[in-house]
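Below: the structure, in structure tokens.
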Number of protein chains: 2
Amino acid sequence: MSEALDMATVAALVGDPARANILCALLDGRSLTAGELAYAAHVSPQTASGHLGKLANARLIDVTQQGRHRYYRLAGRHVAAMMESISQVVAVAQPRIRAVRISEDMRNARMCYDHIAGRLGVTLADALRENHHVEFADDGGLVTPSGETFFAKLGIDLDGARQSRRVFCRPCLDWSERRPHLAGAVGAAIARRLTELHWIARKRDGRALTITPIGWSAIERSFGCSLHDHTVPARPALRVVAG
Amino acid sequence: MSEALDMATVAALVGDPARANILCALLDGRSLTAGELAYAAHVSPQTASGHLGKLANARLIDVTQQGRHRYYRLAGRHVAAMMESISQVVAVAQPRIRAVRISEDMRNARMCYDHIAGRLGVTLADALRENHHVEFADDGGLVTPSGETFFAKLGIDLDGARQSRRVFCRPCLDWSERRPHLAGAVGAAIARRLTELHWIARKRDGRALTITPIGWSAIERSFGCSLHDHTVPARPALRVVAG
DNA sequence: CGATCAGTTCGGCCGCCGCCGAAGCATCCC
DNA sequence: GGGATGCTTCGGCGGCGGCCGAACTGATCG
């Protein structure tokens, strides 16, 4: 009974457009400053500050101060999971025509809290499934023995992931592609490893990802998939100079 | 971007105490009349009607008319999953002293959408895990080969459950016990089968469950667990007469 | 057919909450 | 120290939305 009241409180926090925008902006797992979040939420700094205070007070987000900046981030995976499940309800309940313009960068490859989403995420998940390295059900999955050796060869530490007490392997309905990509501990481990190998890299301030020229062929080779659906990799020299 | 707006809309629907109460009341998967829901939400019938209209309009609940009654139910598992994930955030974010009085009936055994929760749910999950019939990770799990035969012997159709495209097996943090019970397709199949066998039965209008005298020993025997933590089964003769 | 009951619709009241301007603190830089 | 900049607090305005009383619809029953 009182549980429902607490749930209403939490839901009401997410139920404000500005706060929902803030939480969505944090969904990629990074820390953002109050100013950046105010901009993302399309509200003034004072207003954002109020919202951030409420979210932090309810322990949906955490803060760390750094100089005169305050960095906010999601309080944990459980918050990301909640946002995802709300998004699922939206997808099921309001299957309206997707007139919304999704940036091509985001569609191609992006981070979804701590794993890879977008065309790249779906392509990788398809490849892993086709090669019987993983199996999916509606809201769960598992890594096959052949998958174990495959991930080991890639340098992905599955035992470590398993110890994290997270599920190994979980399909997550892709927001833009409407087909599952790989989430869970394995999804996070893959994203971590591919970043480490510089096969993928975050674009400057955004959830979008770049597939590096090295990564392009390396991913196609090791995952046995084709990335031809993706746009050509952005000129890396330019990016390095710009960065 | 617009996705965040939609999410805010859905979250705002859950964010009202009366509506949260309504959704929680429907969490056991049954259909309730508008009047019952008004009572559950502690609001007048007119007010409840307004809320129900909004929830139905947003496709969070479905309606069927029967005579002069209108029966409302959750629009699907995705809604139950969302409510569960919100509840998880509440549990993690507000670990305050549980001063709330939980009814002993509810703590002992209850339905959680379509599977068994409460002490019984946790006990069953523990037994299944101890006997290596299932394995759990943080947010996923699997049925072992020994589990397959175990469930088959109980008359639980795992293949059918697998075809439903739901995860086989998923731990779900128990609301009252703070430890995992078994959810997913297997959880639902177990609940269905145990009801079929009359080992458990719903108490009259509520999520709470009764363990029948037959069920008491049968469950202890077949699952290899002790139910001594549970209260003695309520007098069945009385219940039959009353029902 | 009137009476009753379940449920919804209408209308108006009221309070909560999101919003921004202005001011108040910190921190950093010269 | 002075003056930026980043963020928060305060205060008052305005509107959305939840609430209930009253009236309406439609089903059931004698």
Side-chain angles (χ1 to χ4, degrees), chain A residues 1-2 4-26 30-73 205, chain B residues 1-2 4-26 30-73 205:
Chain A
M1 160 133 354
S2 173
L5 266 181
D6 291 338
M7 290 172 66
T9 307
V10 169
L13 283 169
V14 187
D16 175 80
R19 286 190 295 256
N21 270 319
I22 288 173
L23 291 171
C24 283
L26 294 173
R30 287 182 313 166
S31 298
L32 295 178
T33 67
E36 290 170 322
L37 290 170
Y39 179 78
H42 307 113
V43 290
S44 67
Q46 323 76 296
T47 302
S49 178
H51 289 310
L52 291 169
K54 286 176 189 179
L55 290 172
N57 189 47
R59 304 256 154 191
L60 295 191
I61 59 178
D62 284 338
V63 209
T64 34
Q65 184 125 15
Q66 223 169 81
R68 56 184 169 184
H69 294 280
R70 290 179 86 148
Y71 282 91
Y72 289 92
R73 64 184 176 282
D205 72 36
Chain B
M1 159 132 353
S2 175
L5 266 181
D6 290 339
M7 291 173 66
T9 307
V10 170
L13 283 169
V14 187
D16 175 80
R19 286 191 295 257
N21 269 318
I22 288 173
L23 291 170
C24 283
L26 293 173
R30 288 182 313 166
S31 298
L32 296 178
T33 67
E36 290 168 323
L37 289 170
Y39 179 79
H42 307 113
V43 290
S44 66
Q46 323 75 295
T47 302
S49 178
H51 289 311
L52 291 169
K54 287 177 189 177
L55 290 171
N57 189 47
R59 305 256 154 189
L60 295 191
I61 59 178
D62 284 338
V63 208
T64 34
Q65 184 124 13
Q66 223 168 84
R68 56 183 170 187
H69 295 279
R70 290 177 87 148
Y71 283 90
Y72 289 91
R73 63 184 177 283
D205 70 39

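Everything numeric here is computed off the predicted structure, so don't read it as measured data. Order of the sequence lines sets the chain letters (A, B, ...), proteins ahead of strands, with each chain counted from 1.
For the pair His42(A) NE2 and dC19(C) C1', the interatomic distance rounds to 16 Å; values are reported in whole Å. In this structure, the CZ atom of Arg70(A) is 17 Å from the C1' atom of dC28(C), given to the nearest Å. Rounded to a whole Å, the CD1 atom of Ile22(B) is 13 Å from the C1' atom of dC19(D). Taking atom CG of Leu37(B) as the reference point, atom C1' of dA6(C) lies 13 Å away to the nearest angstrom. When rounded to the nearest whole Å, the span between CD of Gln65(A) and P of dT27(C) equals 7 Å. Atom CG in Asn21(A) sits roughly 14 Å away from atom P in dG18(C) (whole-Å rounding). The NE2 atom of His69(A) sits 16 Å away from the C1' atom of dC25(C) (whole-angstrom rounding).
Residue Arg68(B) places a side-chain atom within donor-acceptor reach of the base of dC5(C), judged by atom type and a 3.5 Å distance cut-off alone. Judged by atom type and distance alone, Gln46(A) reaches the base of dG21(C) through a side-chain donor-acceptor pair under 3.5 Å.
Checking the phosphate oxygens (OP1, OP2) of dT8(C), a side-chain nitrogen or oxygen of Ser49(B) falls inside 4.0 Å. Between Tyr72(B) and the phosphate of dA6(C), there is no side-chain N or O to OP1/OP2 separation shorter than 4.0 Å. Thr47(B) has a side-chain polar atom (N or O) that falls below the 4.0 Å cut-off from OP1 or OP2 of dC20(D).
Taking OG of Ser31(B) as the start and NE2 of His69(B) as the end, the distance is 13.5 Å to the nearest 0.5 Å. Rounding to the nearest 0.5 angstrom, the gap separating the OH atom in Tyr72(B) from the CG atom in Leu52(B) is 5.0 Å. Between the CG atom in Leu23(A) and the CG atom in Leu13(A) there is a gap of 8.5 Å [rounded to 0.5 Å]. We find the CG-CG distance between Asn21(B) and Leu5(A) to be 6.0 Å, quoted to the nearest 0.5 Å. Once rounded to the nearest 0.5 Å, the distance linking CD1 of Ile22(B) with CG of Leu32(B) reads 10.0 Å. Between the OG1 atom in Thr9(A) and the NZ atom in Lys54(A) there is a gap of 12.0 Å [rounded to 0.5 Å].
For DNA chain D, no neighbouring residue in residues 12-20 of chain A is found when judged by any heavy atom under 4.0 Å. Listed by residue number, His51(A), Lys54(A) are the residues of residues 50-57 of chain A with a heavy-atom contact under 4.0 Å to DNA chain C.
In plain terms, the two heavy atoms of Glu36(B) and Thr33(B) that are nearest each other are OE1-N, 2.8 Å.
Between dT9(C), dC20(D), dT8(D), one nucleotide has an atom nearer to the side chain of Ala34(A) than all others, and that is dT8(D). For Val43(A), whose side chain is taken as the heavy atoms from C-beta onward, the closest listed nucleotide among dC20(C), dT8(C), dT9(D) is dC20(C).
For CZ of Arg59(A), the number of neighbouring non-hydrogen atoms (other residues, nucleotides, ligands) closer than 6.0 Å is 12 at most. The 12-atom threshold is exceeded at CD of Gln65(B), counting heavy atoms of other residues, nucleotides or ligands nearer than 6.0 Å.
For Arg19(A) (side chain) and Ala12(A) (main-chain N/O), a donor-acceptor pair under 3.5 Å exists by modelled atom type.
When heavy atoms are screened at a 4.0 angstrom cut-off, Tyr71(A) is found touching no nucleic acid atom at all.
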